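Structure first, commentary second.
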Amino acid sequence: MELCVLLFPLILQVLLSSHPASAANSKLFREYIGAEDKGVTFSDVPIHPEVDFHFILSFAIDYTTSSSPPSPTNGDFIAYWDTKNLTPSHVSSIKASHSNVKVAMSLGGDTINDQYVYFNPESINSWVRNAIHSITEIATQYNLDGIDIDYEHFRADPEIFAECIGRLLFYLKQNKVVSFASIAPYEADSVQPYYLALWRRYNHLIDYVNFQFYAYDKGTTISQFLEYFEEQSSNYRDGKVLVSFGTDDSGGLSPEHGFFRACKRLRHQGKLHGIFIWSADDSKKAGFRYEKQSQTLLASTK
C-alpha cells in the first residue's frame, strides 16, 4: 500500500505529461493593421468563424509630431494607426459582428515620419505613470482587449526596459484594462536582450510571443525555419511562440516557399501555437489570399 502511495504522484505526472500532441496546438490567428494608412478596414479582412482572431492596431507611440523631427514623450502614448478608418465605432462593429474577434494595440513600432521610434524613458517611475494613464485612456476609448509590445530601438538598458514594460503589463492586467499581452521580438543583437530581460522577469504576464520570423533573411528554407522556431522556443521557454510571415516583401520563409508546410509539421508535433501576419495594409492589394489560407489551415484538423 505504501508503495502505491509513493508511486501515485509519479504515475500522475507521467499521465499529465503524455497528453496528445494536438493539445498544445492553437487556432489563433493575429494580424497587424493600420500602420501604413492604406485605407484598410476591419471589414476588409476575411475572418474564419472557427479561429480565434486578433486584430492588432499599429501603432500607439509615445512620440509627438508637433516638433520636427518627432520627439519622445516619456510614456505619453498617442494612437498613430489609421484613425480615420479604424475608429472606436469600427472596433465595436467588428466585435459585434464576429464573436471570435478581439482587438489589441501595439506599442512602439519601427519608425514615425521616417524617424526611428526609440524606447527612451526619463525614469522608470515617470514612464510607467504616464504609460498607465495614456494606455488606459486609449484602451477604454477603443474598447480594446489586449496589448502588444513592439519597440525595436532603445535608448535605455534592457533592465530598465524590462521593468517599465513589466510594471505596465502588471497594472493593465491586474486592473482588467486588457485581458492578454504579447511581445514582438526578432533576432538581432540590438533587440533580443531587451525582450529576453523582460521575459526572464515578467513572462507570467505575457500570453503570446509574436516572433518576427520574417526578419530573417529572404530565401529561408523550411528546415532553417524549423531550426529558428526551436531556437526561439528555447529562448522564450514555456511561451506560446507564434509563427509569422510578411506580405510586404520582407524576409523569412514565405508562403510560396513552404511556410504552410512548415506549419503542418509544427502542428503534427503539437507546437503550432498560432500564426500572425504583417500586415493587413500590405495584404489588401492581393485580396488577403494568405490570410484566408492561414485561417483555413488553423481551422482544419488535418
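Quick caveat, the model's predicted, so the values are computed rather than measured.
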- Message: Main chain of D217, side chain of T220: is a donor-acceptor contact present, judged purely on distance under 3.5 Å?
- Response: yes
- For the side chain of E159 and the backbone of A197, is there at least one donor-acceptor N/O pair under 3.5 Å apart? no
- Any chance you could measure D150, atom CG, to S58, atom OG, to the nearest 0.5 Å? 7.5 Å
- Query: Where the side chain of H98 meets the backbone of N100, is there a donor-acceptor pair that is under 3.5 Å apart?
  - Reply: no
- Compute the ring centroids of F59 and Y80, then answer whether they are less than 6.0 Å apart. no
- Item | Taking every non-hydrogen atom, the tightest pair across H153 and Y116 | NE2-CD2, 3.1 Å
- Message: I'd like to know whether Y236 forms a side chain to side chain contact (heavy atoms under 4.5 Å, CB included) with N203, so could you lay out the CA-CA distance, the side-chain angles of the two residues, the decisive distance to 0.1 Å, and finally the verdict.
- Response: CA-CA 8 Å; Y236 299 94; N203 62 77; over 6 Å; no
- Message: Are the side chains of L272 and V243 in contact, using a 4.5 Å heavy-atom criterion?
- Response: yes
- Answer with yes or no whether the side chains of H90 and T87 bring together a donor and an acceptor at under 3.5 Å. yes
- Query: Are F180 and H54 near enough that their ring centres are under 6.0 Å apart?
  - Reply: yes
- Query: Are the aromatic rings of F211 and F229 close, with centres under 6.0 Å apart?
  - Reply: no
- Item | Enclosure of D238 CG (heavy-atom neighbours >12, cutoff 6.0 Å) | no
- If we only count heavy atoms from C-beta on, is the Y216 to E187 side-chain gap below 4.5 Å? yes
- Note on the structure: On a heavy-atom basis, the closest approach of S283 and T247 is OG-OG1, 2.8 Å
- Over 12 non-hydrogen atoms of neighbours within 6.0 angstrom of NZ in K102: no
- Return yes if some donor-acceptor pair links the side-chain N/O of H268 with the main-chain N/O of R265 below 3.5 Å, else return no. no
- Item | Gap between atom OG of S71 and atom CG of D62 - 0.5 Å precision | 10.5 Å
- Judged by atom type as modelled, is there a donor-acceptor pair below 3.5 Å linking the side chain of D281 to the main-chain atoms of G34? yes
- Query: Going by heavy atoms in the side chains, are Y202 and I165 under 4.5 Å from each other?
  - Reply: no
- Query: Does atom CZ of F170 have more than 12 heavy-atom neighbours, drawn from other residues, nucleotides or ligands, at distances under 6.0 Å?
  - Reply: no
- Item | Centroid-centroid under 6.0 Å between Y228 and F213 rings | no
- Message: Within a 6.0 Å radius of atom NE2 on H204, are there more than 12 heavy atoms belonging to other residues, nucleotides or ligands?
- Response: yes
- Task: Give the minimum heavy-atom separation between A139 and V177, together with the two atoms involved.
- Result: CB-CG1, 3.8 Å
- CZ/F260 to CD1/I275 distance, rounded to the nearest 0.5 angstrom? 6.0 Å
- Specify whether Y151 and F154 have parallel, tilted or perpendicular ring planes, treating 30° as the upper limit for parallel and 60° as the lower limit for perpendicular. tilted
- Answer with yes or no whether the side chains of D282 and S279 bring together a donor and an acceptor at under 3.5 Å. yes
- Task: Please report the C-alpha distance between K176 and S179 in whole Å, then the side-chain angles of each, then the deciding distance to 0.1 Å, and finally whether the side chain to side chain contact (heavy atoms under 4.5 Å, CB included) criterion is met.
- Result: CA-CA 6 Å; K176 296 181 170 52; S179 59; over 6 Å; no
- Message: With no hydrogens and no angle check, just 3.5 Å: does a side-chain donor-acceptor pair link E31 and Q295?
- Response: no
- Message: Under a 3.5 Å distance rule, please check whether T136 uses its side chain to pair with a backbone N or O of I132 as donor and acceptor.
- Response: yes
- Message: More than 12 heavy atoms of other residues, nucleotides or ligands under 6.0 Å from CZ of R289: yes or no?
- Response: no
- Message: Using the rule given for side chain to side chain contact (heavy atoms under 4.5 Å, CB included), can you reason through F29 versus I277, listing the C-alpha separation, both sets of side-chain angles and the distance that settles it, and then say yes or no?
- Response: CA-CA 8 Å; F29 177 78; I277 296 177; 3.7 Å; yes
- Run the side chain to side chain contact (heavy atoms under 4.5 Å, CB included) check on Q192 and Q232 step by step: do they pass? CA-CA 10 Å; Q192 281 273 57; Q232 301 310 332; 2.9 Å; yes
- Output for pair (I183 CD1, L205 CG), nearest 0.5 Å, gives 11.0 Å
- Does the side chain of V209 reach to within under 4.5 Å of the side chain of L242, using non-hydrogen atoms? no
- D207 side chain vs S182 backbone, donor-acceptor pair below 3.5 Å: no
- Message: Less than 4.5 Å apart, side chain to side chain, heavy atoms only: is that true for E152 and Q212?
- Response: yes
- Item | Heavy-atom closest contact (P193 atom, P158 atom, distance) | O-CB, 3.7 Å
- Query: For atom NZ of K240, is the number of surrounding heavy atoms from other residues, nucleotides or ligands below 6.0 Å larger than 12?
  - Reply: no
- Query: Just checking, any donor-acceptor pair under 3.5 angstrom between side chains of N113 and Y63?
  - Reply: no
- Please test F225 against F259 for ring-ring contact (aromatic ring centres under 6.0 Å, His included), starting from the C-alpha separation and ending with a verdict. CA-CA 8 Å; F225 179 86; F259 176 83; 5.8 Å; yes
- Message: Can you give me the closest heavy-atom contact between E291 and A280, atom names plus distance?
- Response: OE2-CA, 4.5 Å
- Look only at the side chain of T73 and the backbone of G75, and say whether a donor-acceptor pair between them is shorter than 3.5 Å. no
- Interatomic spacing from CD1 in I149 to CE in M105 - rounded to 0.5 Å: 9.0 Å
- Message: Between T41 and N85, is there a side-chain donor-acceptor contact under 3.5 Å, judged purely by atom types and distance?
- Response: no
- Item | Pair Y142 and W81, ring centroids less than 6.0 Å apart | yes
- Message: What I want to check is whether the side chains of D248 and S250 have a donor and an acceptor closer together than 3.5 Å.
- Response: yes
- If you look at every heavy atom in V117 and G109, which pair is closest and at what distance? CB-O, 3.7 Å
- Message: Is there a side-chain contact between L57 and V103 in this structure, where contact means two heavy atoms from C-beta onward sitting under 4.5 Å apart?
- Response: yes
- Task: Evaluate the side-chain proximity of D148 to Y32: yes if any heavy-atom separation is below 4.5 Å, no if none is.
- Result: yes
- Query: Sub-3.5 Å donor-acceptor pair from the side chain of N120 to the main-chain atoms of A156, do we have one?
  - Reply: no
- Query: Is S294 reaching over with its side chain to a backbone N or O of Y290, donor-acceptor style, under 3.5 angstrom?
  - Reply: yes
- Message: I'd like to know if K38 and D82 make a salt bridge, using a cut-off of under 4.0 Å between side-chain N and carboxylate O.
- Response: no
- Message: What's the separation between atom OG in S244 and atom OH in Y214, rounded to the nearest 0.5 Å?
- Response: 5.5 Å
